Structure formats: structure tokens, C-alpha cells
Amino acid sequence: MAEGYVTAQDGTRLWYEEAGEGLPILFLHEFGGNHAAWEPQMRRFARRYRCITYAARGYAPSDIPDDVSAYSQRNAVADALAVLDGLGIGKAHIVGLSMGGFAAAHFGLIAPERALSLCIAGAGYGAEKEYEDYFRGVSLSVAENFETKGAKEFSKIYALGASRVQFQNKDPRGWAEFAARLATHSDRGAALTMRGVQAMRPSLYDLREDFAAMQVPTLVMVGDEDDHCLQPGIFLKKTIPACGLAVLPKTGHTLNLEEPELFNQLLAEFLAQVEAGAWRPRDPRANPGQIMRTE
């Protein structure tokens, strides 16, 4: 096991933790979590892989830049690359949830040569064109709440979102750990992340041509009660050439913690197929426009 800091391109220090040996997996956390939210995956996959998790900028013990211009979707990818570079890793499996899922998707567009594969989980908020303006507005409202109420108080509201209560119902202890972790967020870091990353990132649908050209093996995971990620997940499945889609039943947004065994099983099978060269682009004979073959 190892831990410490790597330095991003702009001098921001990023805290990382790693365990295990083998092919590397880099885990990118969601807005509502931090690097510790990947513990069920770090424990499972460190048995056979070199697993790395890190705190995004704005999340202690990483640095919390005070300028909103330091927070962006492109910087999120640059930070992931900085972690790989700092640890001397050329290529890795990239696994991200929600905010981290968007970063994983953009990683595949910006630096496909550095990705062994992509797992894009729970990514979709703000992507639906009909909700694009609303999402930007509510992101700014969330940012203001973190600044004015503080994470300790506002986490009590945020942790009970429509796609979080599934976790609470299934696993009250696990949800309580998630909520307690959320309450420790930096008020300023959370607000700046919301303003600079969440509110400003482009819709996945605006990147259709880029995703259609991306050849990185990809697994998309989404909960069937994470409503605003379902259609974006199907979009990614239909657009990315070598993409599979896993829909977890009766599941919300916090996939890796709400259903850790199923998440790990699906991820392990995906990684095994990628490494065997068996996760290929869709067979052209599987024409989505065909209902039944008649000749």
C-alpha cells in the first residue's frame, strides 16, 4: 500500500492512495463522495490489480484552489492523467461514477491511448437536452447552499435526493457512512466544483460524433431508478462502438456502494473480457434497425 501527493499541471496537489499489484485501475469518485467511497472496490480488486483512488481537486486532503477557473471538465481529465504520470503508469483501466463517470468518458475522448478500458457509471445528470438549463440552474443553487448552509447541514438534504433513498432503504448503515462522508466536504471546494465542473460541462449528446469515433472498450452502468442517467446510458451504448450497458434493478445513483457485490461482479467480468481481447465493437450483423430477418 502507498499514499501521498502528485502534482497536477497547474501545481494543484492531489492526494492518492493505492494498493495491490498488476494492471492498474484508476478510480474517479463522484461529487457526493471522495476517494474513500471506492473502498469496496479497492479491497476487491487490489487482490489482482494495482488499484489507485485519489481525491479530486476541491476535496481534502487534495488542494482546494480558490478560483473557479481551476475547476473544469478538462481539468478533471488532466488531473487523472497527472495521477497516472506521477505514479509512472502508461495505461490503466479507468472507472468513474457520476462526476467521475463524466471524467472517465472525457478521458476516453481526450486521451484514449492511455485507457485500457472505461467504466462509465451513473453518468447523465445535465446531459438530457430538455433538462440542460434546469441542471445548470440547480447546480448553481446547490453551490450556493454549500456556501451558505455548509456541508454539515446541507448534506442532510443532498443525501436524501430522489436517487439516493434507494441506498438508504437497502443499506441504512452504508448510506449513513455516505452521508457522514458528504458532511465533511469542503464548503468552498464543493461550491466551486459545482460551478466549474458540474454546471459547465457539455452535454454528452453534443459529443455524439466524438463518442462514435472512440474505440476504447467501454462498460456503462446505471441504476434503473436513477432516472436522469438511464437515457444517457442508452445513448452511450448506442453510440460508442465497443460499449456494453448494465442496468442494475431497483437501484439508484450510488451504484458502487448501494450494490457493491453486483458492481464488482460486472466490473470484474468486463475487465476479464477486455484483457482477453473479447470485448469488441458490435457485430455489424446486429443491425439495430432490423426487427426480424426475412431473407
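If you're wondering where the values come from, they're calculated on a predicted model, not measured in any experiment.
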**Report entry** Residue pair G122 / H253: nearest heavy atoms and the distance that separates them
**Finding:** O-CE1, 3.0 Å
Report task. Please check if the side chain of S163 supplies one atom and the backbone of G252 the other of a donor-acceptor pair under 3.5 Å. Result -> no
Query - Short side-chain to backbone donor-acceptor contact, Y59 and G33, under 3.5 Å - result: no
Report summary line: Sorted by chain and number, sequence neighbours left out, ring-ring contact (aromatic ring centres under 6.0 Å, His included) with Y16 holds for none
Query raised in the report: Between D206 and K129, is there a salt bridge with N-O shorter than 4.0 Å?
Result: yes
Query - Donor-acceptor contact below 3.5 Å, side chain N75 vs main chain A78 - result: no
Requested in this report: For atom CZ of R181, decide whether the heavy atoms of other residues, nucleotides or ligands shown that lie under 6.0 angstrom number more than 12.
Outcome: yes
Query raised in the report: Among side-chain atoms of Q273 and E269, is any donor-acceptor pair under 3.5 angstrom?
Result: yes
Query - Candidate pair R201 and Q198, rule side chain to side chain donor-acceptor pair (under 3.5 Å), full reasoning - result: CA-CA 6 Å; R201 65 190 177 207; Q198 306 279 82; 2.5 Å; yes
Only pairs under 3.5 Å count here: list side-chain donor-acceptor contacts from residues 82-97, not counting sequence neighbours, and write none if there are none.
from: D85; atom 1: OD1; to: R114; atom 2: NH1; distance (Å): 3.2
from: D85; atom 1: OD1; to: R114; atom 2: NH2; distance (Å): 2.8
from: H93; atom 1: ND1; to: S117; atom 2: OG; distance (Å): 2.6
from: H93; atom 1: NE2; to: E275; atom 2: OE2; distance (Å): 2.8

Query raised in the report: What are the two closest heavy atoms between A56 and M99, and how far apart are they?
Result: CB-CE, 4.5 Å
Report task. Specify the closest pair of heavy atoms between C119 and A104, including all atoms of both residues, with the distance to one decimal. Result -> O-CB, 4.0 Å
Query raised in the report: Do I120 and F135 belong to the same hydrophobic cluster, where Ile, Leu, Val, Met, Phe, Trp and Tyr are linked whenever their side-chain heavy atoms lie under 4.5 Å apart, directly or via other members?
Result: no
**Report entry** In one Ile/Leu/Val/Met/Phe/Trp/Tyr side-chain cluster, 4.5 Å: F270, L262
**Finding:** yes
Query raised in the report: How long is the span from the CG atom in L255 to the OG atom in S98, to the nearest 0.5 Å?
Result: 9.0 Å
Report summary line: Residues V216 and P112: closest non-hydrogen pair is CG2-CB, 3.7 Å
**Report entry** Distance, nearest 0.5 Å, that separates CG of N34 from OG1 of T53
**Finding:** 8.0 Å
Query - Connected via hydrophobic side-chain network under 4.5 Å: M194 and V138 - result: no
Report task. Report the C-alpha separation of M1 and E18 in whole Å, then their side-chain angles, then the decisive distance to 0.1 Å, and conclude whether the side-chain contact (heavy atoms from CB on, under 4.5 Å) test is met. Result -> CA-CA 6 Å; M1 297 194 345; E18 68 167 294; over 6 Å; no
Report task. Start with the C-alpha distance between I234 and L245, add both sets of side-chain angles, then the distance that settles side-chain contact (heavy atoms from CB on, under 4.5 Å), and finish with yes or no. Result -> CA-CA 7 Å; I234 293 171; L245 172 64; 4.0 Å; yes
Query raised in the report: What pair of heavy atoms forms the shortest contact from L266 to A246, and how long is it?
Result: CD1-CB, 3.9 Å
Requested in this report: First locate atom CG of L271, then atom CD1 of I25, and finally report the distance between them rounded to the nearest 0.5 Å.
Outcome: 5.0 Å
Requested in this report: Check the angle between the aromatic planes of Y131 and Y134 and answer parallel, tilted or perpendicular using the 30° and 60° thresholds.
Outcome: perpendicular
Query raised in the report: Any chance NZ of K250 has more than 12 other-residue heavy atoms, nucleotides or ligands included, within less than 6.0 Å?
Result: no
**Report entry** Evaluation steps, salt bridge (Lys or Arg N to Asp or Glu O under 4.0 Å), between E259 and K170
**Finding:** CA-CA 9 Å; E259 292 290 352; K170 291 179 187 175; 2.7 Å; yes
Query - Heavy-atom side-chain proximity of V247 to L230 below 4.5 angstrom - result: yes
Report task. Sort out for me which residue in Y125, Y71, F146 forms a ring-ring contact (aromatic ring centres under 6.0 Å, His included) with F31. Result -> F146
Query raised in the report: Going from CD1 on I52 to CG on L28, what distance comes out if it is rounded to the nearest 0.5 angstrom?
Result: 10.5 Å
Query raised in the report: For S155 and H185, does a side-chain donor sit closer than 3.5 Å to a side-chain acceptor?
Result: no
**Report entry** Separation of Q166 CD from D226 CG (nearest 0.5 Å)
**Finding:** 7.5 Å
Query raised in the report: Closest approach of A60 and H35, non-hydrogen atoms and distance?
Result: O-CE1, 4.3 Å
Query raised in the report: Would a line drawn from the ring center of Y54 to the ring center of W15 be shorter than 6.0 Å?
Result: no
Query raised in the report: Under a 4.5 Å cut-off applied to non-hydrogen side-chain atoms, are V142 and F154 in contact?
Result: yes
Requested in this report: Take R136 and E132 through the test salt bridge (Lys or Arg N to Asp or Glu O under 4.0 Å) and record every step on the way to the result.
Outcome: CA-CA 6 Å; R136 287 202 175 96; E132 197 170 19; 3.8 Å; yes
Query raised in the report: Do the non-hydrogen side-chain atoms of L219 and M221 ever get within less than 4.5 Å of each other?
Result: yes
Query - Check against side-chain contact (heavy atoms from CB on, under 4.5 Å), L160 and V165 - result: CA-CA 6 Å; L160 286 171; V165 294; 4.2 Å; yes
Query - Main-chain N/O of G150 paired to D187 side chain as donor or acceptor, under 3.5 Å - result: no
**Report entry** Over 12 non-hydrogen atoms of neighbours within 6.0 angstrom of CD in Q290
**Finding:** yes
Query raised in the report: Rounded to the nearest 0.5 Å, how far apart are NE2 of H106 and CD of Q73?
Result: 4.0 Å
Query - Verdict with supporting geometry, H228 and E128, side-chain contact (heavy atoms from CB on, under 4.5 Å) - result: CA-CA 7 Å; H228 296 288; E128 299 163 294; 2.7 Å; yes
Query - Candidates T251, N256, L257 - the one meeting side-chain contact (heavy atoms from CB on, under 4.5 Å) with F263 - result: N256
Query raised in the report: Is any NZ, NE, NH1 or NH2 atom of the basic residue among E261 and R43 found under 4.0 Å from an Asp or Glu carboxylate oxygen of the other?
Result: no
Report task. Output yes when a side-chain donor or acceptor of R173 lies under 3.5 Å from a complementary backbone atom of E177, and no otherwise. Result -> no
Query raised in the report: Under a 4.5 Å side-chain heavy-atom rule over Ile, Leu, Val, Met, Phe, Trp and Tyr, are M214 and V77 clustered together?
Result: yes
Query raised in the report: Any link between V197 and M200 through a network of hydrophobic side chains (Ile, Leu, Val, Met, Phe, Trp, Tyr) touching at under 4.5 Å?
Result: no
Report task. Taking atom NZ of K238 as the centre, report whether more than 12 heavy atoms of other residues, nucleotides or ligands fall under 6.0 Å from it. Result -> no
Report task. Look at the side chain of T148 and the backbone N and O of E144, then say whether any donor-acceptor pair between them is shorter than 3.5 Å. Result -> yes
Query raised in the report: Does any donor atom in the side chain of T254 or R164 lie under 3.5 Å from an acceptor atom in the other side chain?
Result: yes
Requested in this report: For a side-chain contact (heavy atoms from CB on, under 4.5 Å) with L236, tell me which candidate from V220, T218, L118 qualifies.
Outcome: V220
Query raised in the report: Does F211 reach the side chain of L109, with side-chain heavy atoms less than 4.5 Å apart?
Result: yes
Requested in this report: Over 60° means perpendicular and under 30° means parallel, so classify the ring planes of W38 and F27, tilted if in between.
Outcome: tilted
Report task. Output yes when D63 and R57 qualify as a salt bridge under the 4.0 Å nitrogen-oxygen rule, no when they do not. Result -> no
